[in-house]
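Everything quoted here is computed from the prediction, not taken from an experiment.
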2 protein chains.
Amino acid sequence: MDHYSEQLDGIFQALADPTRRAVLARLGKGPASISDLAEPFDMALPSFMKHIHFLEGSGLIQTRKQGRVRTCVIEKQRFQAVEAWLSQQRSLWEGRTDRLEQFVTKAQAEGD
Amino acid sequence: MDHYSEQLDGIFQALADPTRRAVLARLGKGPASISDLAEPFDMALPSFMKHIHFLEGSGLIQTRKQGRVRTCVIEKQRFQAVEAWLSQQRSLWEGRTDRLEQFVTKAQAEGD
DNA sequence: CGAATAGTGATCCATAAGGCTAAGTATCAT
DNA sequence: ATGATACTTAGCCTTATGGATCACTATTCG
């Protein structure tokens with residue numbers, strides 16, 4: 001349960017930036033080089049590279065350099081951490097928690 | 001939609017902190033006051049309040065003050081934005097980029 | 001009324017994030 | 001061998017984040 005937590009910090013933070021989400025969207029269609037990925041953005045390359053490093057650090061992408069070209073690939077399975085967290089969260093408010101449910105019901109009655 | 005993207009910035013950023021995720025988990029079980037929410041954390045109240053404000057700003061929670069007590073409630077709909085984004089992302093790497101994306105975008109708009 | 005409770009407001013501080021430029025390294029093409 | 005290409009490294013800058021404190025207001029309770 002707390003295994004996720006460290007990963008989630010990085011993953012959610014990686015997702016909190018529009019440039020990085022756009023990169024992920026692009027990589028969703030298939031691998032690409034740094035310069036291909038950077039091309040749509042009005043940003044200096046070193047700045048863009050920071051986003052790539054951030055994404056790689058979070059595990060959402062993987063990169064590999066062959067010759068002078070670094071190719072980036074999306075790491076689909078990493079997104080499962082987000083889905084798992086969402087499921088956990090949803091399970092809480094859908095009352096799929098045994099003892100706690102009584103407390104929840106009571107709290108909600110008082111809250112309303 | 002760029003409005004959609006800005007929402008995601010805030011939402012993902014809100015989710016990128018373990019304290020805030022813990023607050024959401026707690027609120028998933030039902031409404032709670034600020035001091036109830038703050039109690040588990042070894043943190044000064046003003047510091048904790050920043051997290052509450054952040055969460056409220058992202059729309060993931062709503063708060064209401066009655067007397068001297070502010071009660072916080074989770075905004076379940078808001079999580080749809082995350083699920084929508086995940087669906088979009090998955091649709092990209094699964095190669096279906098037309099109908100589902102529209103469905104997702106529409107669902108998000110109605111979720112507001 | 002007076003005291004405890006519940007939250008605010010106003011700083012302050014250190015570090016991280018996200019951008020920049022300028023210069024450097026390693027390939028690849030000719 | 002030279003030059004272009006594709007990154008990299010190293011700084012620098014500004015703003016945001018996540019924490020703290022101290023002083024303050026507004027309720028509620030005895």
Give a yes or no on whether Glu56(A) atom CD has more than 12 heavy-atom contacts from other residues, nucleotides or ligands under 6.0 Å away.
yes
Side-chain N or O of Ser47(B) versus OP1/OP2 of dG18(D): is the shortest distance under 4.0 Å?
no
For Gly67(A) and Thr19(A), take the nucleotide of DNA chain C holding the closest heavy atom to each; which residue's nucleotide lies nearer the 5' end?
Thr19(A)
Side-chain contact, heavy-atom cut-off 4.5 Å: Ile11(B) with Leu60(B)?
yes
Checking Arg70(B) against Thr63(B): is there a side-chain donor and acceptor pair closer than 3.5 Å?
yes
Would you confirm whether Arg26(B), through its side chain, and Leu37(B), through its main-chain N or O, come within 3.5 Å as a donor-acceptor pair?
no
What's the [atom1]-[atom2] distance between [X] and [N], to the nearest Å?
X	N	atom1	atom2	result
Phe48(A)	dT9(D)	CZ	P	16 Å
Ile52(A)	dG19(C)	CD1	P	12 Å
Leu15(A)	dG18(C)	CG	P	12 Å
Glu56(A)	dC7(D)	CD	P	13 Å
Met49(B)	dA10(C)	CE	C1'	14 Å
Met43(B)	dT17(D)	CE	C1'	12 Å
Asp42(B)	dG19(D)	CG	C1'	11 Å
His53(B)	dG9(C)	NE2	C1'	10 Å

Ion pair Glu83(A)/Arg90(B), N-O distance below 4.0 Å
yes
Is Asp9(B) paired with Arg21(A) through a side-chain N to carboxylate O contact shorter than 4.0 Å?
yes
Please say which of Thr19(B), Leu45(B), Val23(B) ends up in a side-chain contact (heavy atoms from CB on, under 4.5 Å) with Ile52(B).
Val23(B)
Run Phe12(A) and Trp85(A) through ring pair (Phe, Tyr, Trp, His ring centres under 6.0 Å) and show every step you take.
CA-CA 11 Å; Phe12(A) 280 129; Trp85(A) 182 82; 5.5 Å; yes
Taking ring-ring contact (aromatic ring centres under 6.0 Å, His included) as the definition, give me every residue that meets it alongside Phe54(A), ordered by chain and number, with sequence neighbours left out.
none
Considering only heavy side-chain atoms of His51(B), the closest of dC20(C), dG18(D), dG9(C) is dG18(D)
Enumerate all atom pairs, one protein N or O and one N or O from nucleotides 13-17 of chain C, separated by less than 3.5 Å.
none

Protein-nucleic acid N or O pairs under 3.5 Å, nucleotides 3-6 of chain C:
residue : atom : partner  : partner atom : Å
dT5(C)  : O4'  : Arg68(B) : NH1          : 3.3
dT5(C)  : O2   : Arg68(B) : NH1          : 2.5
dA6(C)  : O3'  : Arg68(B) : O            : 3.2

